[in-house]
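Inspection log for the structure reproduced underneath, given as structure tokens.
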Amino acid sequence: MPDDILYAETHRPQFHFTPKSNWTNDPNGLVYYRGEYHLFFQHNPTGITWGNMTWGHAISSDLVHWTQAEHALHPDELGTIFSGSAVVDWNNSAGFQTGEEKTLIVFYTSAGEDPVPFTQSIAYSNDCGRSWSKYHNNPVIEHICAQNRDPKVFWHSPTDQWIMALYLDGNDYTIYRSKDLKSWDRLCDLEIPGTSECPDLFELPINGDPNDTAWVYWGANGGYLLGQFDGQVFRAETEVLKAEHGPNGYAAQTWSDAPDGRLLQISWMRGGKYPAMPFNQQMSFPVELSLRTTRDGIRLCREPIAEIGLLHHQTYQWNDCALIPGENLAPATHSQLFDIRLEIEPGKARAFGIKIRGIDLRYEGGKIAFQNTEVALDPVDERLVLQLLIDRTSLEIFGNRGELSMSICYLPEAADHPLVFYAEGSPAKVISLAVHELRSAWT
Ligand code: FRU
């Protein structure tokens, strides 16, 4: 397909990453080094459905505009290349560094086929991720059980060692440690009821206070435990909490070494439908993570990264006005791409909502609903704060500054529909409404 048509197709996301062609699922190997964010992704190089798992690769300087690079890791005799992570080996712990450039090291699951079991392997790059060599002594962790997989590695500075979170089986996860990234010792196991696959483990300040932190052990469906980790044992201090309330957010992972102390995450928007498209599946828009005290206790909050502003185009703005039943508010736009920010006091309104490409996003009875998903969201001091990212085939909803996040795939009719804001019963009070049309990230 000629390049001028590629990325302009009817259902092609315009500010969410998709590979040029074929199937993708989990984001892998997220790492920042020397001005570049790397995004590797599970990819089937030869098919539009899942299979032949290979690591595709894309690079961005701003997390918004991506350039797809050569595939990084291809299947070998140990198996196909399942999910994993990446680090910068700042101190050359593994001894792979050859020149001035720090080595990037990736950790992945070698998904063996019977009789070859699932094991964990590593590969390294001495040219900023442009070419990759697999370690000659792979695997670095032998088979433990079942389809153990998805290693996520980070540097734990208080104990001067590398830590790996790893999925075992069922709802079971484990933690390993290493000094050289090649030999690994198992530290402790844990369970995240209701969650499996794709672990992540990270520390965050609570309410921005660097002296008061908690650790998050995260599983693929957005279920997570809050607790403490001392380099030996993860001690959970909560039940399983949920950070992803949409039907399509899965396998999220955070970037290693993101600048400015930010903790940034991207996920696979699992389950979207893309009829007659050359690609299948999309990534979420990246979010920034924080821990905040909410009415329910300390919670992980997810908010879209501020870089969405790079795509802002025309803006329609309303302040201090009433959304009156029967009098819809409809900006004069034909765009399909929006960043919408709404602060609203529902007051006595029975419901309010937004029609998005003809589909109703509705708030009623303390719940926000879109298609088959309905989630509770209470106003804070009478007020709801909503941010919506709308792409051609996805909607991300962020409520009360990221306390609620929902990733949703949808398939609109190709026809154009106006964007309409409405209230029912009684007026709702719009404190502020900004409708930012977005430019495509691909043009
Ligand atoms: C999650 C997952 C991972 C695995 C990968 C295979 O979506 O099942 O556990 O490594 O996808 O593509």
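Every number for a ligand or one of its atoms is a count from 1 in the order of the listing. The figures here come from the full heavy-atom set of this structure, side chains too, leaving out hydrogens, waters and symmetry mates.
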> At a 4.0 Å threshold, what atoms of ligand 1 neighbour a non-hydrogen atom of Y250?
Replying inline: 1 (C), 7 (O)
> What residue and heavy atom of the protein are closest to atom 8 (O) of ligand 1, and at what distance?
Replying inline: E197 OE2, 2.8 Å
> Is the ring centre of F202 less than 6.0 Å from the ring centre of Y217?
Replying inline: no
> What are the atoms of ligand 1, with element, lying closer than 4.0 Å to any heavy atom of Q42?
Replying inline: 5 (C), 6 (C), 12 (O)
>> Under a 4.0 Å threshold between the charged nitrogen and the carboxylate oxygen, would R302 count as salt-bridged to E244?
In response: yes
> If hydrogens are left out, which of T109, N221, D150, I81 has an atom nearest to atom 4 (C) of ligand 1, that is, the closest non-hydrogen atom?
Replying inline: D150
> Do W268 and ligand 1 have an N or O pair less than 3.5 Å apart?
Replying inline: no
> Any salt bridge between R149 and E197, counting N to O under 4.0 Å?
Replying inline: yes
> Should you measure from each heavy atom of N25, which atoms of ligand 1 turn up under 4.0 Å away?
Replying inline: 5 (C), 6 (C), 7 (O), 11 (O), 12 (O)
>> Looking only at protein heavy atoms, which one is nearest to atom 5 (C) of ligand 1, and what is the separation?
In response: D26 OD2, 3.5 Å
> Which of the atoms in ligand 1, numbered in the order shown and given with their element, are less than 4.0 Å from a heavy-atom of M53?
Replying inline: 12 (O)
>> Out of the candidates Y173, Y176, F82, only one should pair with Y167 under the ring-ring contact (aromatic ring centres under 6.0 Å, His included) rule; please name it.
In response: Y173
> Between H156 and W215, does the ring centroid distance fall short of 6.0 Å?
Replying inline: yes
>> Are F285 and F17, when compared by the centres of their aromatic rings, separated by less than 6.0 Å?
In response: no
>> Between ligand 1 and Y167, can you find any atom pair, the residue atom being a heavy atom, that is separated by under 4.0 Å?
In response: no
>> I'd like to know whether the aromatic ring centres of Y32 and W255 sit less than 6.0 Å apart in this structure.
In response: no
